[in-house]
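Fair warning: this is a prediction, and the values are worked out from it, not measured in the lab. Here is the naming used below: chain letters follow the sequence lines, and residue numbers restart at 1 for every chain.
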Amino acid sequence: MDSTASAESIQLRYQPAVPIRNGKLMLWLFLSTEVMFFAALIGTYIVLRFGAAAWPTPTDVHLSEPIGALNTFILICSSVTIVLALESARADSGGRAKAYLFVTLLLGAAFLGIKAYEYQVKFHHGLHVDRARRTIYDQADLEYASGLRAALRSVTADTNADAAALAAATALLEQANNPDADPSALALQAAEFSEVPEAADWRLPIVIPGGHMWTSTYFLLTGLHALHVAAGLLVFVCVLPLRLGTARAGLLENVGLYWHFVDIVWIFLFPLLYLF
Amino acid sequence: MATEDSSGDNAQHVTATGGVGNYIAVFVGLCLLTGMSFLTTSEWWPWRDQPGFTRTFMMAVACAKALLVLLFFMHLKHEAGWKYILTLPACVMAIILAASLVPDVGFRLRSAADRAEPANNTRETTIERGQENASDQAPSDN
Amino acid sequence: MGKFWSLVFLSVPVLGVAVFVAAASWGYWFPQNVSAHGGQIDHLFMVILWLTGAVFLATEIVLAVSLWRFDGAKSPRARFSRGNMRIELGLAAVVGLLLVFITVYQLEDWAEAKIRQPDLPPTVEVNGRQFEWVMRYPGPNGELGDADDLFSPGDLHVPVDEDILVSLVSEDVLHSFYLPNLRIKQDAVPGMRIPVWFRATETGVFDLVCAELCGWGHYKMAGRLIVESRADYEAFLTRLEAEQNEDGFEEQQPTAANTSQRHPSVAEVVYRRAAR
Amino acid sequence: MTVAASPSPGAPLVDANSHHRGFLRRYIFSTDHKVIGLQFYFSTLIWFFVGGALALAVRWQLAWPWSEMPIVGRMLFAAEGGQISPEFYTMLVTMHATIMIFFVIIPILAGAFGNFLIPLMIGAEDMAFPTLNMFSYWFMWPAFACMTASFFVAGGAASAGWTSYPPLSVLHDAAPGSGPGQTLWLLGVVFIGIASMLGSLNYLTTIIQMRAPGMTMLRLPMTIWGLFITAILQAFALPVLTAASVMQLTDRLLGTGFYLSEAGGQPLLWQHLFWFYSHPAVYIMILPAMGMVSDIISCYARKPLFGYRPMVAAIIAIAGLGFIVWGHHMFMSGMNPAMGTTFMAATILIALPSAVKVFNWLGTLWGGRIEFTSAMLNALAFVSMFIIGGLSGIFMAATTVDIVIHDTYFIVGHLHYVLFGGSTFAVFAGTYHWFPKMFGRQMNEFWGKVHFLLTFLFFNGTFFTMHIIGMGGYPRRVAAATAYAEFARFEPLNVFMTICALGMGFTQLIFAANLFGSLIWGRRADRNPWRANTLEWTAPSPPPHGNFDFQPVAYRGPYEYSSPEVTADFYPQNQPPDAEPATAAAH
């Protein structure tokens, strides 16, 4: 045929190299880029963590393994529900697919909720990335001593404080004000002081060697993973109103592939961050 | 025309899957594996004093879990040959990247830890091959 | 027009060679070499220059000749040829051998320059900071890194004809310790102590250049390398010690604290200060 | 041949309504790959002139340090008496490199030519995901906005070098532009990363799935191969840069310490991650150019490309090796020297496929019937200059020799021979070659040749000299080497280079005038003005929305020029073997 043929009705034919939908191919390629993204992040974590001179233990940084395991379990459940949603869509039962997808959405939201609770615990103990709000120091040095002084001053200025604890705080402040005071000794005393139940909430600065790098890597890895989870939830919300029959099985499959990938990333993050 | 027909139709590309029973089995397997790696933190774990082995074990468990998800939930078990082209390069590249960071970034800082200098000196590191010398004191430390 | 364009392209190899010949004869060449190992590096450069120069001439001349010979205005019809695998493989083999030669030929020199550290105590610590070099020589007890060390900014004094081991550190950002006349270049990285070694063969005053962008004052981060006889070098150390002890102020305090008082670096200041 | 009506994804072939759409949908938020390609083309052209102006300012300072710049100096730096301040100089070098690499070379090759050519050359009606394609262009705009804004914030634009090495780029007080300017720079890089990633995934899917019947992978034109491999490089390498940039952003904004040794981080970590992207990026900037040049040389030599399969293998080899050589940027960085040896071996190996490519271009020319058009001349310049750039690269690859030339002008000369002498000449060649297809008009040949000749001469004058001062050890990125006694002798050469650079800069105005003038007054072009074989020349000029008014089918490879099977000296890919001499859609 030649150029004189009427163009209006032509549908071009192609010669695809792989027997899958374009969308699915694109999604797998996208997952490859995501693999590289997380490889860079996890690689960074591994080299910085195992190269570090010191690394905090889970108790140092209030990291709860059972909660991490629970979150792992939730994500695994959500992986099952979304694959069941896909099966239902393929069987053309849109209602069931929708129900499964909704459960997946709930599980994902639960994951994020637990994550938020974990973050809140960390923040409560002064484990921020933000230096200004962090009460942990990598080492007992002059910087630590000045941080301790500032914290003690705000404690002693607090009029509602418990009398006994207040007296202890004033005594410690006197010591800390001495320019010749040994920061390590101060750190030890401050740690004991933090054990006093009434004073625990005052959050005196503590020394956790490697604490800075721990907060950096923990919040970066879990934060970017949580962003991926949130993006997945957003997609669920967009997909839910559609009619999830056979025609949408491809779409649901793509969404599922992405969600499983997010699950796999967490499967690696859980032991690396919580159990190592 | 010699070439095969193109097909962009969604319905033609539904891959066979193992069915619901299969998924439940995989789910149980994943839960068991998670339990196993969680067990390493408990008191009953016999290799508590061997972190190297414990970590290897946990990574092996994680790889097994990832493989289960890939094979069954992501249906790779049932896909054609393209699955290798689309998945292996990224995995290989990821491993190359992480592995090549280790000798340069990981080991170098490690040598600082091995020296076991006093706490105020942990920032300074020495190139591995460099012999120890008295000048390790960091000039900018206090 | 084919001949004209052929000559334009022919001018590349002709002028290219002319530029190198002219540069060599008018003194636009390597900096004067005053190191024991520099001659070998210059030799390697020349080996690669001759090899690549030959390839450069051959390819550029073939290009110009084919433009001259196969000008479309006078050729009847192109010769139909899809290529010749045997020539390709032969070419690949020859080039491959050349490349292997280049690689292997300079392995030994690389090991000498960067891997086989001489077994001697560091002669001097060179500390890069914005925007000057601070040298730290061992004091009277001959040990680097203790209280009697001698500091001197700007000039690096080394004895002639002796193996020198420089211990290279940086206080704030990346710098690069570059001695053009000694064929030495090495980045200084904060947090790392990198050994650099050389042996100067001639006395004189040479440039010490910063070769890594280190901020607005990068262009003026110049020092001088002063290669002098053993006697002059020791006289310099004695003079330096006398100058330093006149201060009186520094003798009692530990050196490290001294250093940070005298040279508060950008990194230290920023890290110390609570983040904004 | 009949048209089998099989369903295909995407819009119908020729949208009957396409001519009735609003201006906004047709030219601004268009999903048509050709419009998007041209949007990329003109955006990058603007940045090309901005980046060029910055380069001229750099050259001015190097030739006549701390002297008053005529006209411009009075306007911009009245406070400093019209002279460039050292702070401003570091900003100039940083932004010149950033703009030229991220906003000109990469988007013009992958974005402009990639978008325009991929569907046309493989016989598709559009990209696989037209809307996504549109987003990949519009994600460039936040990046454009960030970089533009960074010039106007306190402290000025980023000035830590385009490599943005920490700690200089992380510490707020370390460099003048390390305030908001550096943050905007990083955000810009992240946005470009997203745009390029969307684009490259789209290209990959399109090339894999939407080739016309008969267009097997080994019948693809080299341009498509170059773009295909480039897209793979981008897909695998870019996420690493994005991750690294995110970490630098959190270091700067949130107080993490990945790159700060005081916090237990490692400055070298950034260099590893950065070069893991940026070394493949070097090939992202050259592989499509190599492909385009292969097509153009074969077309104007009227001769099949010499060794098509070796050429494809060479591109794949370059890309594959390109992933494991990033360490050669770090030989002097304090990296483990033993690793340097491994990286050197891999790097030197890259010269092998590069040599194969050069040899094959020469083999294509030998025995041809060369037509000296502007496109051909620029493509020949690419070959000639790439030889120099490739050979000078061997000096740096050899670790020991790298000790003396690392961070000197030898490197600056080398990279400009590859990026300007290579990629930019290929961009010129591609523009002259595909302009008729883009706009249905021809560019002016006379001014094209004048532009070529002047650019070629001035280019070599500027950058060849850099090898000489680089051998002399002249360090790069210094505002003036007046602090060093050793380098004073090179001042006359600096003046010479600057004069050439100014000449080269102003020569580009000829190109701009020719380009825009030809849009209006250019001679009308028919479908196939160059008598070329590839499929894009069988579509109308310019092609309508949907590209083809017939079903393209490939019967042979793209380089059957002067084939003994036909009397014409070209044999279009879609011409059925028995249909001599009717040249399917070519008039």
Side-chain angles (χ1 to χ4, degrees), chain C residues 1-2 5 9 12 19 23 28 30-31 41 44-45 48 52 56 59 62-63 66 70-72 75 77-80 82-83 88 91-92 95-96 99 102-103 106 109-110 113-115 173-174 180 183 185-187 189-192 194 207 209 211 213 215-216 219-220 222 266-267 270-271 275, chain D residues 86-87 90 161 165 167-168 171 173-176 255 261-262 267 302-304 306-307 310 332-334 337 345 348 351-352 355 359 362 365-372 384 387 391 394-395 398-401 403-404 406-407 464 468 471 473 475 477-480 483-486 562-564:
Chain C
M1 285 303 271
W5 294 117
F9 281 96
V12 172
V19 164
Y28 292 129
F30 301 125
I41 294 183
L44 280 171
F45 189 100
I48 299 180
T52 54
F56 165 67
T59 45
V62 168
L63 177 67
S66 36
F70 302 106
D71 181 0
S75 331
R77 190 181 169 100
R79 199 181 319 149
F80 184 80
R82 289 200 186 89
E88 304 257 13
L91 170 95
V95 174
L99 294 175
I102 292 177
T103 312
Q106 54 106 57
D109 299 305
W110 175 249
K114 296 273 179 185
I115 298 179
V173 301
L174 297 182
R183 312 293 189 261
K185 191 178 285 139
Q186 176 61 56
D187 284 9
V189 184
M192 284 170 64
I194 303 175
D207 279 321
V209 185
L213 182 63
W216 69 271
Y219 74 102
K220 60 171 190 178
V266 176
V270 172
Y271 184 71
Chain D
E87 292 91 337
T90 52
Y165 280 178
L168 185 62
L171 302 176
D173 297 355
S261 59
E262 295 92 342
R302 314 308 297 167
K303 189 167 170 286
F306 192 89
M332 301 303 130
S333 70
I348 286 194
L352 187 55
F359 175 75
L362 294 178
L365 289 172
W366 195 264
R369 207 175 74 77
I370 298 168
E371 295 169 5
F372 292 93
S384 179
I387 291 171
L391 290 174
I394 294 179
F395 291 83
T399 42
T400 321
V401 175
I403 295 174
V404 290
H406 187 83
D407 273 332
F464 201 84
I468 302 296
M471 278 172 70
R477 288 173 172 173
V478 291
Y484 305 112
E486 181 64 45
S562 303
S563 165

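A distance of 12.0 Å separates OG1 in C:Thr52 from CD1 in D:Ile387, rounded to the nearest 0.5 Å. Rounding to the nearest 0.5 Å gives a distance of 9.0 Å between CZ of D:Arg369 and CZ of C:Arg77. In this structure, D:Ser261 OG and C:Met192 CE are separated by 10.0 Å, a value rounded to the nearest 0.5 Å.
D:Phe306 is linked by a ring-ring contact (aromatic ring centres under 6.0 Å, His included) to D:Phe359, counting only residues two or more places apart in sequence or in another chain. Contacts of D:Phe395 classified as ring-ring contact (aromatic ring centres under 6.0 Å, His included), with partners at least two apart in sequence or in another chain: C:Phe45, D:Phe410.
Considering only heavy-atom pairs separated by less than 4.5 Å from chain C, the leading option among D:Pro86, D:Pro475, D:Ala483 is D:Pro86. For chain D, the option among C:Leu99, C:Val12, C:Val95, C:Val19 with the highest count of heavy-atom pairs below 4.5 Å is C:Leu99. Most heavy-atom pairs under 4.5 Å with chain C, from the set D:Val478, D:Thr399, D:Ile468: that is D:Thr399. In terms of heavy-atom pairs under 4.5 Å with chain D, the best-connected choice from C:Thr59, C:Val62, C:Leu44, C:Asp109 is C:Thr59. For chain C, the option among D:Ala480, D:Gly307, D:Ser384 with the highest count of heavy-atom pairs below 4.5 Å is D:Ser384. Heavy-atom pairs under 4.5 Å with chain C were tallied for D:Leu391, D:Ile394, D:Leu365; the largest tally goes to D:Leu391.
Within the 3.5 Å criterion, the main-chain N or O of D:Pro337 finds a donor-acceptor partner in the side chain of C:Trp110. Side-chain atoms of C:Lys185 come within 3.5 Å of backbone N or O of D:His406 as a donor-acceptor pair. No donor-acceptor pair under 3.5 Å is formed between the side chain of D:Glu486 and the backbone N or O of C:Pro180. In this structure, the side chain of C:Asp187 does not engage the main chain of D:Gly334 through any donor-acceptor pair within 3.5 Å. For the pair C:Gln106 (side chain) and D:Thr400 (backbone), a donor-acceptor distance under 3.5 Å is present.
When all heavy atoms are compared, the tightest approach of C:Ala113 to D:Ile403 is CB-CD1, 3.7 Å. The shortest non-hydrogen separation linking C:Ala78 to D:Arg302 is CB-O, 2.9 Å. Looking at every heavy atom in both residues, C:Gly2 comes nearest to D:Phe372 through CA-CE1, 3.3 Å. C:Leu213 and D:Leu168 make their closest contact through O-CD2, 3.6 Å (heavy atoms, listed as atom of the first residue, atom of the second, distance). Considering all non-hydrogen atoms of both residues, D:Val404 and C:Arg183 come closest at CG1-CD, 3.2 Å.
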* To do: Any chance you could lay out the side-chain contact (heavy atoms from CB on, under 4.5 Å) test for D:Thr90 and C:Tyr219, step after step, and finish with the verdict?
  => CA-CA 10 Å; D:Thr90 52; C:Tyr219 74 102; over 6 Å; no
* What do the steps show when you test C:Lys114 against D:Met332 for side-chain contact (heavy atoms from CB on, under 4.5 Å), and what is the final call? -> CA-CA 9 Å; C:Lys114 296 273 179 185; D:Met332 301 303 130; 3.7 Å; yes
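Proximity to chain D is limited to the side chain of C:Leu91, based on heavy atoms less than 4.5 angstrom apart. At a 4.5 Å heavy-atom cutoff, the contact between C:Val189 and chain D is made by side-chain atoms alone. Contact annotation for D:Phe464: only side-chain heavy atoms (C-beta onward) come within less than 4.5 Å of a heavy atom of chain C.
Inter-residue side-chain proximity for D:Ile370 and C:Asp71 is flagged as unmet; no heavy-atom pair is nearer than 4.5 Å. For the pair D:Pro167/C:Leu174, a side-chain contact is recorded, criterion being any heavy-atom separation below 4.5 Å from C-beta on. In this structure, C:Phe30 and D:Met471 have side chains that are in contact, with non-hydrogen atoms separated by less than 4.5 Å.
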